[in-house]
Structures are given as structure tokens and as C-alpha cells.
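Being a predicted model, the structure only gives us computed values, none of them experimental.
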Amino acid sequence: MAAERGALRIADRVVAKIAAHAAREALDVLPPDAARPHATVIVHHEVARVRVSVELDYPSDIGGQCAAVRHQVAQRVEALAGMEVPEVSVQVERLHSAQTRGAAQGRTQ
């Protein structure tokens, strides 16, 4: 009987690491001084709700990058953890401007 064999439970922090790694995969390039993507998850009955925090370059296609992160995170969590992912929220924590970075290094454009 299956009940006698036990059950597999994947810790929330493991799912969060999978999600953060997937978010990093989805972003082509991170700004040089950006923090790595960070994820938090809530898992309930094999359903994971994910929130990912990212830092992006500016100007860029912010909406497109967030859509890519949502898609990649949902796909990877489903494939690696076997969980349904009906919701991936992407929070942009900070925008890194190339102009500001250049000015901080003493360059003028």
C-alpha cells in the first residue's frame, strides 16, 4: 500500500532555491552591482505560490523580463519539484541605470 511507504515532502526553502535559480536563468544579463534574484514560496497540497524579487537594468523591457521570469520559474518548479504553480509574482526591487553607473565611475556621456 502506498500509505505504508510514506510520502515525499519538498521543503519550501528548496522550492524557493529552485525558483530563484530559474529567475536567474530567465534574465539574460544582470546589472554588475545587482543582487541575485531571491524567492519566497508558500506550498500547500503540492501547489506552490511563488514571489520572486529581482533587480534589472534600466532602460530595458521590464515587462518582457518579468514575463520571462514568471514563465521560467513556473516551468522549472513544475519540472523539478512536481508542483503546480498557478501564481508567480515578480517584484522589481531596484532598477540599475547605465547612466548612473557611468557617472559614479567618473564618466560623462
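- With sequence neighbours excluded, the residues satisfying side-chain hydrogen bond (donor to acceptor under 3.5 Å, both in side chains) with Q75 are H71.
- Side-chain contact between D33 and P31 is present, with heavy atoms from C-beta onward closer than 4.5 Å.
- Residues E93 and E55 come closest through the heavy atom pair CB-CG, 4.3 Å.
- For the atom pair H45 NE2 and E84 CD, the distance stands at 12.5 Å (nearest 0.5 Å).
- Take R36 and apply the side chain to side chain contact (heavy atoms under 4.5 Å, CB included) test, not counting sequence neighbours, and it matches no residue.
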side-chain contact (heavy atoms from CB on, under 4.5 Å) for L56 and I62? Distances and angles first, verdict last. CA-CA 8 Å; L56 303 174; I62 295 169; 4.0 Å; yes
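- With rounding to the nearest 0.5 Å, the separation of CZ in R94 from OG in S53 is 14.0 Å.
- With a 4.5 Å cut-off on side-chain heavy atoms, V52 and S89 do not count as touching.
- Among residue pairs with one or both ends in residues 60-74, none qualify as salt bridge (Lys or Arg N to Asp or Glu O under 4.0 Å); sequence neighbours excluded.
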Starting from the C-alpha separation in whole Å, work towards a yes-or-no answer on side-chain contact (heavy atoms from CB on, under 4.5 Å) for M83 and E78. CA-CA 5 Å; M83 296 180 178; E78 288 174 6; 6.0 Å; no
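- Under the rule for a side chain to side chain contact (heavy atoms under 4.5 Å, CB included), the partners of R49 that lie at least two apart in sequence or sit in another chain are V47, P86, E87.
- Closest approach of S60 and Q65 over heavy atoms only: OG-NE2, 2.8 Å.
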Determine all donor-acceptor pairs shorter than 3.5 Å in which one atom belongs to a side chain in residues 14-28; sequence neighbours excluded.
residue : atom : partner : partner atom : Å
H21     : NE2  : E25     : OE2          : 3.2
R24     : NH1  : L27     : O            : 3.1
E25     : OE1  : Q72     : NE2          : 2.7
E25     : OE1  : R76     : NE           : 3.4

